[in-house]
Amino acid sequence: QVQLVESGGGLVQAGGSLRLSCAASGRLGTWYRMAWSRQAPGKEREFVAAISSSGTQTTYADSVKGRFTITRDNAKNTVFLQMISLKPEDTAVYYCATGSGSWASLRANDYDYWGQGTQVTVAS
């Protein structure tokens with residue numbers, strides 16, 4: 001089993017910044033991709049950023065490209081999401097996910113484990 005614990009969410013004004021963290025523990029494989037997704041009330045879950053197992057490849061949804069940056073610290077089994085220029089439409093519960101594999105992916109089917117989520121609220 002793998003456990004994922006997110007932190008760093010909160011309330012921020014539009015244009016502000018937040019940094020989310022996700023600590024992974026348990027039976028992590030040698031190669032595991034990680035990602036962040038989000039779900040706003042009444043909307044489907046959207047993958048926003050993903051990173052390869054090595055950390056050298058990243059991919060982003062168009063909605064966050066240029067504003068969000070995903071990074072990871074493999075020594076600490078932790079992934080981060082730096083968010084800048086936040087907009088009210090970024091308001092959602094943000095979830096960390098991980099799955100076996102090397103390449104970054106924004107596909108839900110490539111992930112097996114999910115965290116409980118952290119709320120991000122952007123006030124206008």
Side-chain angles (χ1 to χ4, degrees):
Q1 280 288 57
V2 173
Q3 295 78 41
L4 300 171
V5 179
E6 302 99 335
S7 61
L11 173 64
V12 64
Q13 294 293 315
S17 302
L18 278 176
R19 188 190 194 211
L20 306 182
S21 300
C22 172
S25 61
R27 293 189 173 185
L28 296 165
T30 302
W31 306 106
Y32 60 100
R33 56 173 63 96
M34 299 195 78
W36 288 94
S37 65
R38 67 186 182 186
Q39 188 165 22
K43 295 188 177 180
E44 292 187 358
R45 187 171 294 193
E46 173 192 25
F47 270 79
V48 295
I51 190 165
S52 63
S53 57
S54 66
T56 58
Q57 181 202 14
T58 57
T59 187
Y60 299 91
D62 288 342
S63 58
V64 306
K65 204 169 291 184
R67 300 187 298 119
F68 290 12
T69 303
I70 187 171
T71 57
R72 65 189 292 167
D73 182 343
N74 283 346
K76 298 181 178 180
N77 294 331
T78 301
V79 65
F80 305 95
L81 186 68
Q82 179 68 50
M83 306 183 292
I84 66 171
S85 302
L86 283 162
K87 306 174 182 180
E89 51 263 44
D90 294 319
T91 296
V93 178
Y94 283 71
Y95 298 91
C96 174
T98 189
S100 297
S102 299
W103 305 110
S105 170
L106 293 177
R107 301 192 327 149
N109 287 346
D110 287 330
Y111 296 89
D112 304 304
Y113 299 99
W114 301 81
Q116 294 299 307
T118 185
Q119 176 71 45
V120 171
T121 303
V122 184
S124 57

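Numbers here are sequence positions counted from 1. The model shown is predicted, which means the values in this text are computed figures rather than measured ones.
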Could you pull out the closest heavy-atom pair between Ser100 and Arg33, with the gap in Å? O-NH1, 2.9 Å
Roughly how far apart are Thr58 OG1 and Ile70 CD1, rounded to 0.5 Å? 8.0 Å
Between Asp90 and Lys87, does at least one N-O distance fall below 4.0 Å, as a salt bridge requires? no
Same apolar cluster (I L V M F W Y, side chains within < 4.5 Å links), Val48/Met34: yes
From CA spacing to verdict: side chain to side chain contact (heavy atoms under 4.5 Å, CB included), Ser102, Ser52: CA-CA 5 Å; Ser102 299; Ser52 63; 5.9 Å; no
Roughly how far, to the nearest 0.5 Å, is the SG atom of Cys96 from the CD atom of Gln3? 12.0 Å
4.5 Å side-chain heavy-atom contact, Phe68 and Leu86: yes
Between Glu46 and Val64, is the side chain to side chain contact (heavy atoms under 4.5 Å, CB included) condition met? List the steps. CA-CA 11 Å; Glu46 173 192 25; Val64 306; 5.7 Å; no
Please check if the side chain of Thr118 supplies one atom and the backbone of Gly9 the other of a donor-acceptor pair under 3.5 Å. yes
Give every donor-acceptor pair under 3.5 Å between a side-chain atom in residues 12-22 and any protein atom, sequence neighbours left out.
none

May I ask whether Leu106 and Leu81 are part of the same hydrophobic cluster, defined by side-chain heavy atoms of I, L, V, M, F, W, Y residues being less than 4.5 angstrom apart, directly or through others? no
Do Val120 and Met83 touch side chain to side chain, with heavy atoms closer than 4.5 Å? yes
Would you name the heavy atoms of Ala50 and Ser105 that are closest together and state the gap between them? CB-O, 3.0 Å
Nearest 0.5 Å, what's the OG1-NZ distance between Thr91 and Lys43? 9.5 Å
Set of side-chain contact (heavy atoms from CB on, under 4.5 Å) partners for Glu44, sequence neighbours left out: none
Side chain to side chain, Tyr94 and Glu6, heavy atoms closer than 4.5 Å: no
Close side-chain approach of Asn74 and Arg72, heavy atoms under 4.5 Å: yes
Taking atom OG1 of Thr71 and atom CZ of Phe80, what is their separation to the nearest 0.5 Å? 6.0 Å
Specify the closest pair of heavy atoms between Tyr95 and Gly115, including all atoms of both residues, with the distance to one decimal. CD2-O, 3.6 Å
Closest heavy-atom pair and its distance - Thr78, Ala23: OG1-CA, 4.1 Å
State the CD1-OG1 distance between Ile51 and Thr56, to the nearest 0.5 angstrom. 8.0 Å
Polar contact flag, side-chain donor to acceptor under 3.5 angstrom, Tyr32-Asn77: yes
Going by the angle between their ring planes, with limits at 30° and 60°, are Trp114 and Phe47 parallel, tilted or perpendicular? perpendicular
Exceeds 12 heavy-atom contacts within 6.0 angstrom, atom CD of Gln39: yes
With side chains defined as the heavy atoms from C-beta onward, is the minimum distance between Tyr60 and Thr69 less than 4.5 Å? yes
